[in-house]
Novice: 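The structure that follows is given in the form of structure tokens.
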Amino acid sequence: IDVGAPPDEEAPVASVAWPAAGVTLACSAVALEGGVADVGGSGVASVEVRIGAEGEAWHKASVAEGTWTWTWTAPADGEHTAWVRATDVAGNVQEPLGSVTFWVDCTPPVAPTLEAPEEGAFLGGCVTFSWSGAGDVAGYTVALAADDTADVETFEVGTELSLSLGADEDEDNCLSEGGWTWWVVATDAYGNGAQSEARTLTVDTTAPGAFELVAPANGACVGVADLALSWAECEGGVVVTLEVDGVAVAELAGDATGATVEGLTEGAHSWRVLCSDEAGNEETSFEWTVIVDLTPPQIGEVLVTSSAV
């Protein structure tokens, strides 16, 4: 009498190979995988995965050649336990369940605080950006967007808290003229990011307009120690610096056209004017000379003689 094959009363066994126990994962889709076997049984019919405690939903995994895979598309922050169970063709369900406990980090780091340049700054093209940060940051990325384009240029600087464009006299790395917006993104080891506020700046590499000295004329000789100097207005300037004998003696508003220098000593003195705009670009006048002579002329004796006619 052929009694046939004995009934299949042994459940298949599924295990978790990834994630590894205790690992911390990024806050993105988590691909779980493992092995499954039903040695000598009726064959594996399905593998299911559950995240969390009993009562949470079971999800059907893909099974192929002794392995299973399932992707958790929306992981939550914190500690999680993944459970896995296999069912064979005969209806036997795995017990005890396979499981693994792991962590998902969805918490972003502290957003950076921008320090310099200040909002609305006017600068030359070679700019140094700086910021402060806190917490567990794996790296910072500086983003720059020109007003006349939708493109965003990024610079990854590791854990440094500054970026200098044009460092080591590499002016090819400086910004072009025009308006710019910049911000900084902090990223932790698990890919979570936090963005700072955005600031704007204007790059101006054009010097103020040329201007000329007016009086006293170059090479003039004057008889006073307190000397009034004058020059033409410097268009586009915000600060005018007067230098006498190579030393800055006055810092004036950009529209200034004259100043008085007091207490000059006798002799020749050089003077010039430097005009700076808001971005620090500078236009310099020619250098003139003035001679101070405070010594009155000598009056000699006059000898008068008479003669008889």
Side-chain angles (χ1 to χ4, degrees), residues 5-112 133-143 152 154-160 184-196:
D8 179 4
E9 297 179 351
E10 294 291 329
V13 177
S15 59
V16 181
W18 182 259
V23 72
T24 299
L25 303 175
C27 191
S28 58
V30 177
L32 291 86
E33 60 183 44
V36 60
D38 188 27
V39 179
S42 56
V44 176
S46 65
V47 174
E48 296 170 292
V49 181
R50 185 186 79 207
I51 303 294
E54 187 174 354
E56 297 293 335
W58 286 95
H59 307 275
K60 188 174 182 179
S62 298
V63 180
E65 299 180 358
T67 61
W68 62 266
T69 59
W70 177 74
T71 300
W72 187 18
T73 57
D77 190 65
E79 181 184 27
H80 303 281
T81 298
W83 303 86
V84 60
R85 69 182 182 188
T87 303
D88 64 16
V89 174
N92 299 303
V93 179
Q94 177 179 350
E95 185 68 37
L97 308 177
S99 67
V100 66
T101 298
F102 59 94
W103 291 80
V104 173
D105 186 344
C106 296
T107 303
V110 176
D136 187 13
V137 176
Y140 294 97
T141 301
V142 181
V152 176
T154 58
F155 298 85
E156 295 183 0
V157 297
T159 56
E160 296 293 326
V184 178
V185 177
T187 306
D188 66 16
Y190 303 104
N192 302 301
Q195 180 178 313
S196 72

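Values reported hereafter were calculated over all heavy atoms of this structure, with side chains retained and with hydrogens, waters and symmetry mates removed. Small disclaimer: the values here were computed from a predicted structure and weren't measured.
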Novice: Can you tell if the side chain of Asp88 reaches within under 4.5 Å of the side chain of Val44, non-hydrogen atoms only?
Specialist: no
Novice: Measure the spacing between OG1 of Thr24 and CZ of Phe102 and express it to the nearest 0.5 Å.
Specialist: 10.5 Å
Novice: Can you name the closest pair of heavy atoms from Ala29 and Thr71 and give their distance?
Specialist: CB-CG2, 3.9 Å
Novice: Once you round to the nearest 0.5 Å, how far does OG1 of Thr87 lie from CG of Asn92?
Specialist: 8.5 Å
Novice: So, for Pro108 and Cys106, which heavy atoms are closest and what is the spacing to 0.1 Å?
Specialist: CD-O, 3.4 Å
Novice: Output, in order, the C-alpha distance, side-chain angles, deciding distance and verdict of side chain to side chain contact (heavy atoms under 4.5 Å, CB included) for Val23 and Trp18.
Specialist: CA-CA 9 Å; Val23 72; Trp18 182 259; 4.1 Å; yes
Novice: Looking only at heavy atoms, which two atoms of Trp68 and Ala14 are closest? And how far apart?
Specialist: NE1-CB, 4.3 Å
Novice: What pairs of residues pass the side-chain hydrogen bond (donor to acceptor under 3.5 Å, both in side chains) test when at least one of them lies in residues 184-194, not counting sequence neighbours?
Specialist: Asp105-Asn192, Asp188-Asn192
Novice: If you count the non-hydrogen atoms of other residues, nucleotides and ligands that lie under 6.0 Å from CD in Glu54, is the total more than 12?
Specialist: no
Novice: Would you indicate whether the side-chain heavy atoms of Pro19 and Leu25 approach each other to under 4.5 Å?
Specialist: yes
Novice: Please find the pair of heavy atoms, one from His80 and one from Val104, that lie closest to each other, and give the distance.
Specialist: CD2-CG2, 3.9 Å
Novice: Quick check for you: to the nearest 0.5 Å, what is the distance between Leu32 atom CG and Trp83 atom CH2?
Specialist: 14.0 Å
Novice: Hey, what do you get for OH (Tyr140) to OG1 (Thr159), rounding to the nearest 0.5 Å?
Specialist: 8.0 Å
Novice: Kindly state each residue pair satisfying side-chain hydrogen bond (donor to acceptor under 3.5 Å, both in side chains) with at least one member in residues 31-51, sequence neighbours excluded.
Specialist: Asp8-Ser42, Glu48-Arg85
Novice: How far does CD of Glu56 sit from OG1 of Thr81, to the nearest 0.5 angstrom?
Specialist: 11.5 Å
Novice: So, for Pro112 and Gln195, which heavy atoms are closest and what is the spacing to 0.1 Å?
Specialist: CD-C, 4.3 Å
Novice: State, to 0.1 Å, how close Ala189 and Ala138 come at their nearest heavy-atom pair, and which atoms those are.
Specialist: N-CB, 3.7 Å
